[in-house]
There are 2 protein chains.
Amino acid sequence: MPYDPSAFPPFAVTVDLVVLTVRRDALCALAVRRGEPPFQGRWALPGGFVRPDEDLAQAAARELVEETGLCAHDPDAPAQDNGAHLEQLATYGDPKRDPRMRVVSVAHLALAPDLPAPRAGGDANSARWAPVEELLQRGGYGRDGEQAAPLAFDHAQILADGVERARSKIEYSSLATAFCPTEFTVGELRRVYEAVWGVALDPRNFHRKVTGTPGFLVPTGGTTTRQGGRPAQLFRAGGATLLNPPMLRPEV
Amino acid sequence: MPYDPSAFPPFAVTVDLVVLTVRRDALCALAVRRGEPPFQGRWALPGGFVRPDEDLAQAAARELVEETGLCAHDPDAPAQDNGAHLEQLATYGDPKRDPRMRVVSVAHLALAPDLPAPRAGGDANSARWAPVEELLQRGGYGRDGEQAAPLAFDHAQILADGVERARSKIEYSSLATAFCPTEFTVGELRRVYEAVWGVALDPRNFHRKVTGTPGFLVPTGGTTTRQGGRPAQLFRAGGATLLNPPMLRPEV
DNA sequence: GATCATAGTCGTCTGCCTGACGATAAGCAC
DNA sequence: GTGCTTATCGTCAGGCAGACGACTATGATC
């Protein structure tokens with residue numbers, strides 16, 4: 001690819017991923033431990049350089065597969081397969097965000113159902129799901145009492161932006177179903193909302209809302225009792241992607 | 001700035017601007033005529049390279065001043081001054097979007113009140129406000145019966161995304177006031193909504209909604225009769241940036 | 001000045017949606 | 001069966017939006 005370095009300043013372009021899931025009723029993000037400077041040993045968001053011949057979305061999907069094995073699907077397609085939802089989040093390009101060189105990072109947001117375990121080159125110690133509060137709070141204590149250092153680079157900001165995007169987007173879209181397996185119950189979907197928003201929702205009103213919105217949920221006919229209690233109907237995500245009127249997030 | 005070209009593929013990074021305004025009851029965007037290949041003579045969105053020492057937002061603000069003379073203000077600050085609202089829109093990085101080289105463009109969205117006239121190096125023929133429908137429709141006829149060619153590069157897509165962002169964002173935020181001068185009437189604000197959404201709104205219900213939302217509008221005490229008819233109260237934008245419950249966009 | 005056209009502003013009414021919450025159903029553990 | 005858990009259906013009141021009537025205050029026109 002010919003270019004004249006004097007005509008424009010060269011940048012490195014990367015994609016960083018905010019991969020969110022809900023596990024044990026908590027909103028968790030995927031973090032990887034940096035093996036090299038800068039920020040060696042610190043936790044960071046997964047990501048990497050965009051290759052010369054790939055689109056930004058392709059690069060994000062490739063990184064997602066490499067880190068989680070998840071297959072991303074088109075954001076405009078319904079979430080039928082087991083793939084994760086993937087969308088562009090925002091781009092971060094502060095001149096000093098990477099001490100080595102000028103790096104512009106196109107952050108992407110991925111929403112995935114609960115997965116067995118992260119895989120990062122087979123090294124179980126170098127990737128983990130961590131509750132977002134734990135990753136965002138400064139100076140707190142992480143798992144195993146380990147001192148939780150802030151995320152590397154500006155990744156705390158990127159994660160915060162991704163979490164905020166997810167929190168607001170499940171209000172008016174069916175995106176919360178991306179956190180659920182293919183078949184799920186109304187209660188499981190409600191627990192997703194409760195975990196992402198950090199609030200308690202009335203089960204009866206929630207049930208009325210989601211089952212009363214045409215095209216949002218499609219009953220599969222089956223039932224399950226995996227949550228204990230009375231068996232619940234199983235649903236799949238319907239074709240509707242927009243929720244109108246939106247789900248209302250309660251005031252704090 | 002030291003870097004090793006063999007370690008990562010170099011990219012050119014640009015900012016492109018979707019500058020929107022409302023003039024003569026139509027949503028218009030700023031377009032500039034390209035003076036050099038590729039797409040020489042075609043209309044495009046204003047933009048340019050990001051400089052090595054500036055942030056993306058700084059680059060966008062600089063381009064905005066160069067093209068319109070508008071001073072951008074912080075998106076989190078209230079729209080008090082005469083500056084335009086400026087926010088990041090999305091990033092476009094298809095490998096083939098620029099035939100010359102690999103260019104990643106961080107598009108920004110600017111909303112401005114109606115301005116006298118665009119200035120692009122004093123050349124009145126090289127920049128203009130055009131209704132977005134005219135810029136987005138392919139093969140139609142523009143001003144002066146001129147054959148309207150599609151915008152250069154992927155700028156039609158960028159413009160469409162920017163318009164959609166503006167259309168949805170005025171639903172739940174006070175962003176529509178960015179299209180108005182410092183002092184404006186309820187009717188002028190309503191005409192902004194009507195122009196951006198392309199629908200007619202009931203003046204009485206609109207008045208009830210905007211005046212009944214605390215912190216949205218602040219009366220200045222003055223009145224004006226510039227629209228003809230009964231004099232209308234003048235307002236400034238209040239501190240509230242979020243509209244809850246949102247303004248509802250009527251179905252088509 | 002009377003009349004008209006134009007815009008702005010205040011009210012009313014009805015229907016829909018939400019929040020609060022009671023009641024019932026259907027599993028499991030003991 | 002008793003108790004516990006979760007799911008699901010119903011009821012009721014309040015808030016808000018859409019539809020629209022009524023009145024007000026200016027400039028334009030006769």
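Letters A, B, ... are given to chains in the order of the sequence lines, protein chains preceding strands, and every chain is numbered from 1.
One N or O on the side chain of B:Ser174 and one on the backbone of B:Ala240 form a donor-acceptor pair closer than 3.5 Å.
Between B:Arg226 atom CZ and D:dA25 atom P there is a gap of 20 Å when expressed in whole angstrom units. Atom CZ in B:Phe235 sits about 11 Å away from atom P in C:dG8, given to the nearest Å. Atom CG of B:Leu217 and atom P of C:dT9 are 11 Å apart (whole Å). The interatomic distance linking B:Leu189 (CG) with C:dA7 (P) rounds to 17 Å, in whole Å. If you measure from atom CG of B:Leu201 to atom C1' of C:dG8, you get 16 Å, rounded to the nearest angstrom. The separation between B:Tyr193 atom OH and D:dA17 atom P is 12 Å, rounded to whole Å. If you take CG of B:Leu243 and P of D:dC16, they are 12 Å apart, rounded to a whole angstrom. Rounded to whole Å, atom C1' of C:dG8 lies 16 Å from atom CZ of B:Phe184.
Comparing the helix axis at one end of the helix from C:dG1-D:dC30 to C:dC30-D:dG1 with that at the other, each defined from 5 consecutive pairs, gives an inter-axis angle of 10° (nearest 10°).
Judged as a side chain to side chain contact (heavy atoms under 4.5 Å, CB included), and not counting sequence neighbours, the contacts of B:Pro231 are B:Thr223. B:Tyr193 pairs by the ring-ring contact (aromatic ring centres under 6.0 Å, His included) definition with B:Trp197, B:Phe206, not counting sequence neighbours. The ring-ring contact (aromatic ring centres under 6.0 Å, His included) search around A:His155 returns A:Phe153, not counting sequence neighbours. Residues that satisfy the side chain to side chain contact (heavy atoms under 4.5 Å, CB included) test with A:Glu183, not counting sequence neighbours, are A:Thr220, A:Leu234, A:Arg236. With sequence neighbours left out, the salt bridge (charged side-chain N to carboxylate O under 4.0 Å, His left out) criterion links B:Asp161 to no other residue. Under the side chain to side chain contact (heavy atoms under 4.5 Å, CB included) criterion, B:Glu188 pairs with B:Phe184, B:Thr185, B:Arg191, B:Arg226, B:Gln227, not counting sequence neighbours. Taking A:Asn244 as the reference, A:Pro246 meet the side chain to side chain contact (heavy atoms under 4.5 Å, CB included) condition, with sequence neighbours excluded. Applying the salt bridge (charged side-chain N to carboxylate O under 4.0 Å, His left out) test to A:Arg230 and every residue at least two apart in sequence or in another chain returns nothing.
Listed by first and then second residue, the salt bridge (Lys or Arg N to Asp or Glu O under 4.0 Å) pairs that reach into residues 209-222 of chain B come to none, sequence neighbours excluded.
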Can you name the atoms? Protein N/O to nucleotides 10-15 of chain C N/O, anything below 3.5 Å, with the distance.
| unit_1 | atom_1 | unit_2 | atom_2 | d |
| --- | --- | --- | --- | --- |
| C:dT12 | O4 | B:Arg208 | NH1 | 3.4 |

Check nucleotides 2-6 of chain D against the protein and report each pair of N or O atoms closer than 3.5 Å, with its distance, or say if there are none.
| unit_1 | atom_1 | unit_2 | atom_2 | d |
| --- | --- | --- | --- | --- |
| D:dT6 | O2 | A:Arg230 | N | 3.2 |

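Under the 4.0 Å criterion applied to side-chain N and carboxylate O atoms, A:Arg128 and A:Glu134 are assigned as salt-bridge partners.
Residue A:Lys209 has a polar side-chain atom (N or O) positioned under 4.0 Å from OP1 or OP2 of C:dT18.
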